[in-house]
Structure formats: C-alpha cells, structure tokens
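Excluded from the calculations below are hydrogen atoms, water molecules and symmetry mates; all remaining heavy atoms, backbone and side chain alike, are included. First the proteins, then the strands, lettered A, B, ... as listed; each starts at 1.
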Amino acid sequence: MPELPEVETIKLGLSKLLPGKKVQKVTYDWPKSFPNSKADVDKFLIGAKVLRVKRRAKVLLIELDSKYSLVTHLKMTGQLVYVPYGHKLTADSLPAGRQGSRLTAEKKFGGGHPSDSLIGRLPDRSTRVITGFIGGSKLFFNDQRKFGWMRLVPTTEVPNIDFFKKVGPEPLAASFKARDFTKRLQKRPNSSVKAVLLDQTIIAGVGNIYADEALWGAKIHPSTVVNRLNGRSIYLLFEELQYVLKLSIEKGGSTDRNYVNHEGKKGSYMSFARVFRREGQTCPRCGATIIKTRVAGRGTHTCPNCQKESKK
DNA sequence: CACTTGACCTGTCCGC
DNA sequence: TGCGGACAGGTCAAGT
C-alpha cells in the first residue's frame, strides 16, 4: 500500500524534522524487520546525526553522518511515525505482548490514551523499531505484517542493494519522457499491461492503487497485452500515471487501510480515486458499475464499459 | 528465458 | 458466539 506517493509524503515530512537530529537509542527485536547486529548499531547508528532524507522507488533513505544510511521498505503495512519531544508516551520500549500473550498495547500501557491519535498510542503491538533522538523525539517503525524492513547500510553500498541494482526509472523524473516509458513497457511485450506497471524493474514506485487508477484514466483494460497497445494508448497511460501520482502526492497519499504519514495521519487520495476499492459504485465517466476482478494475481478494479478487454 | 504463482505475515471480514 | 477460510498486496524465490 505505501507506493510512490505515500513514501514521497513521508519523505517530505521527515525531511523537515530529522536533519540535524542525533540518534541516542535504538530499540528493536524482530530480526527480519531490523537485521543489523548490536555492534553495527552501536558503531554506526548511535551518536550519528541525520544528514538528509531521500526516496528511491518505494524505499526511504535516511542518510547519516556516520557514512551509513537507514534504509526502509514499508512493503504493505509499514509506517514511519515521528513523535516529537514533549508528547506523552506511555512506555520507552517495545511492548512484550506479541509472543503468545494477547496483551494489547492498551492493556499493557494502562488503558486508553485520552488522545485517539496514533501518536498517543505508540508504541503498539506493531512497533518493530524505535529510534530515539537526543532531545526526546522518536521515530517509530511499525509494521503489522512484518513484510517490511529497516536496515543500516553503508551509504556508498546503497546502490548495490539487489533491489536498487534492478529497479527501473522514477516515473516522475523530469528526464523520464513518454518515449522512455514506451521503451520500458515494451521490454515485456507479452505480459499484461497491469503486471508490467507493477514490475519494479520496469518502472519504479507503481503499486496496485495507481496501476488501476492510471489504467482507468487511459481507458485500457488491465489484462491487455503490451504489444497490443498502440502508441496513443501508451502515451495516454503515461500521462495518466503521472497525473495520479502527482495528485496523490498533493493529497498526502492514499489510506486504503493501514497507511499513515510521518505524523500518524491518513492520506486523502482515496476520496479522489475513480475505481480503486469502488466496486459496485458508478464509474465517474460513464455511469456503469465498477467491478472487481483478478489480474496479475491482484485485486483489480475496472469500468467494464470504459475499459474493454481486447479480443485476442 | 519469459512469465506466473506461492511464501512471507497478521488482522479483518464473511459465512456457517 | 466461535471458528475456519478467504483476502489484503510488495517483493523475492520457486515453479511452469
């Protein structure tokens, strides 16, 4: 769910908050969520100062003056939430309620914070890593499903992470033109256009939400095979993809179920979505009923009238 | 080689 | 009410 616009929103937020902050303490206990050794943490993270925050594809990069970077992929349910100094926290460490114990964060930390905001309830059962800064502020990496990860990587080695070696170009880069988009798509001539949009090695940052939204905008059925798309269709798809990504960044991203930004707040793109998660509702363009099917192994939302399936 | 499916996880929802 | 099963969907590994 965090796709390009969601990670970009977090990047913009954290860029205003983290640079200059010095790491004081780090708490983590789930190796897949944070695989680094304590020795590395002590050497390269504790005492390090944040230089800048960047994004590449769906990955967030926090560059440190120790020549290491904190690299985070939120996958499906990851969150990065910053809690400023002065906010009343109920505990300083990870809750212990996840191994068999059915303790909820609420029970463990003494029943209900007056504030209903996520910030007031952190850490919670999904908290995997807490990075504490001098001055008392904290960055929480929460991840309910544990698919995401945060890791400490030498900054010069970041481009050599397998994912970065293979990942495609940024769709919103000024240098990325329709011609480039066409060439990239045509590397997978026999795949469905939706599968290709979701393939991070073709184009970076597109996930299920914006794939469906852009395909609706371009009136293309998601299972259309790339080599059956004409030049005009591909151009339209390029324009629509950029449009939905930019609009969503403006709206602070999409909150389908889990996503929140650096302040623990939801994004509002979903109220602008035309098809995603709108099965049973009417198509804003033609009034037909939006349907949900399965394409490329994913839930897929289309207007059966605007997006005709091409006959083989 | 090109392409598709399953595994990784947990929480929620639906039907019986 | 409780329980099993389907489902959510980003990426990598394994399968066709």
Side-chain angles (χ1 to χ4, degrees), chain A residues 1-8 10 29-35 55-60 71-80 94-95 97-106 118 121 123-129 141-151 161-168 171 184-213 215 222-228 245 253-260 269-270 273 275-280 292-301 312:
Chain A
M1 312 226 197
E3 305 180 24
L4 187 154
E6 289 72 33
V7 182
E8 181 68 14
I10 294 170
D29 73 343
W30 186 257
K32 284 183 181 172
S33 297
F34 189 87
R55 177 192 63 75
R56 172 77 170 101
K58 301 173 189 171
V59 177
L60 192 92
V71 184
T72 307
H73 197 311
L74 299 173
K75 293 285 180 86
M76 247 103 82
T77 56
Q79 305 172 329
L80 277 173
L94 288 168
R98 68 168 67 95
Q99 281 193 325
S101 158
R102 315 213 67 199
L103 278 181
T104 63
E106 231 179 340
L118 174 62
R121 287 184 275 114
D124 66 17
R125 207 168 14 170
S126 74
T127 301
R128 310 291 169 219
V129 183
F141 171 40
N142 302 324
D143 186 19
Q144 180 184 101
R145 288 173 70 179
K146 301 177 176 174
F147 287 178
W149 45 262
M150 173 180 272
R151 40 188 206 201
I161 295 173
D162 285 348
F163 178 82
F164 284 129
K165 280 200 283 197
K166 294 182 299 182
V167 75
R184 302 293 302 179
L185 284 197
Q186 288 173 343
K187 289 170 83 110
R188 295 277 183 282
N190 298 310
S191 288
S192 70
V193 61
K194 174 154 180 175
V196 179
L197 285 177
L198 294 175
D199 185 338
Q200 299 301 296
T201 69
I202 301 294
I203 298 143
V206 182
N208 210 32
I209 299 173
Y210 304 104
D212 280 6
E213 289 289 292
L215 287 163
S223 26
T224 311
V225 169
V226 167
N227 65 15
R228 295 188 59 88
L245 293 174
S254 296
T255 295
D256 178 11
R257 18 181 68 220
N258 219 273
Y259 168 76
V260 294
Y269 177 86
M270 285 304 281
V275 286
F276 192 79
R277 290 250 161 190
R278 291 192 183 276
E279 61 270 31
K292 182 173 180 185
T293 57
R294 231 170 159 75
V295 176
R298 307 281 168 71
T300 297
H301 310 76
K312 291 248 166 93

Practice task
Specify the separation, in whole Å, of atom CZ of A:Arg125 and atom C1' of B:dT10.
Solution key: 9 Å
Completion exercise
A:Gln186 CD to B:dA2 C1', in whole Å, measures 17 Å
Practice task
Please indicate yes or no: is the ring centre of A:Phe147 less than 5.5 Å from the centre of the six-membered base ring of B:dC9, with the two planes inclined by under 30 degrees?
Solution key: no
Problem - Beyond-backbone contact of A:Val71 with A:Trp149, side-chain heavy atoms, under 4.5 angstrom - result: yes
Problem - P-based separation of B:dC9 from C:dA14 [nearest Å] - result: 15 Å
Practice task
Taking the side chain as every heavy atom from C-beta outward, state whether A:Leu60 and A:Leu74 have any atom pair closer than 4.5 Å.
Solution key: no
Exercise for the section: May I have the distance from A:Lys75 (atom NZ) to C:dG10 (atom C1'), rounded to whole angstrom? Expected result: 6 Å
Practice task
Can you see which heavy atom on A:Gln144 is nearest to which on A:Arg128, and at what distance?
Solution key: O-NH2, 3.2 Å
Handout entry: Residue whose closest nucleotide on DNA chain C lies nearer the 5' end, A:Arg298 versus A:Arg277
Key = A:Arg277
Practice task
Whole angstrom is fine here: how far is it from CD in A:Gln144 over to P in C:dC7?
Solution key: 18 Å
Problem - Nearest-angstrom distance from the residue atom CG of A:Leu198 to C1' of C:dT11 - result: 11 Å
Practice task
Using the P atom as the reference point in each nucleotide, state the distance between C:dA6 and B:dG6 in Å, no decimals.
Solution key: 13 Å
Handout entry: Between C1' of B:dC9 and CG of A:Asn258, the distance in whole Å
Key = 12 Å
Exercise for the section: Check whether any side-chain nitrogen or oxygen of A:Asn190 sits under 4.0 Å from OP1 or OP2 of B:dA2, and answer yes or no. Expected result: no
Practice task
Compare side-chain N and O positions of A:His73 against OP1 and OP2 of C:dG10 and report whether any pair is under 4.0 Å apart.
Solution key: no
Practice task
Please state how far atom CG in A:Leu4 lies from atom C1' in C:dT11, giving the value in whole angstrom units.
Solution key: 16 Å
Handout entry: Proximal nucleotide (of C:dT11, B:dC3, B:dC9) relative to the A:Lys32 side chain
Key = B:dC9
Problem - Nucleotide nearest A:Phe163 (side chain, heavy atoms from C-beta), chosen from C:dT11, C:dA8, B:dC3 - result: C:dT11
Exercise for the section: Look at the aromatic rings of A:His73 and A:Phe163 and report parallel, tilted or perpendicular, splitting at 30° and 60°. Expected result: perpendicular
Handout entry: Side chain of A:Ser191 (C-beta onward), nearest among C:dG10, B:dT4, C:dA8
Key = B:dT4
Problem - Counterpart base for B:dC9, defined by Watson-Crick or G-U wobble contacts under 3.5 Å - result: none
Handout entry: Atom P, compared across B:dG11 and C:dT11: separation rounded to whole Å
Key = 22 Å
Practice task
Could you tell me whether the phosphate oxygens of C:dA8, OP1 or OP2, come under 4.0 Å of any side-chain nitrogen or oxygen in A:Arg294?
Solution key: yes
Practice task
Using whole Å, report how far NZ of A:Lys146 lies from C1' of C:dA8.
Solution key: 18 Å
Practice task
Taking all heavy atoms of A:Ala195 and all of A:Ala296, pick out the closest pair and write down the distance.
Solution key: CB-CB, 3.8 Å
Exercise for the section: Please name the pair of heavy atoms, one in A:Phe141 and one in A:Gly148, separated by the smallest distance, quoted to 0.1 Å. Expected result: CZ-C, 4.0 Å
Practice task
Would you classify A:Asp162 as touching base, sugar-phosphate or nothing, given that sugar-phosphate means primed atoms plus P, OP1 and OP2, and contacts are heavy atoms under 4.0 Å?
Solution key: nothing
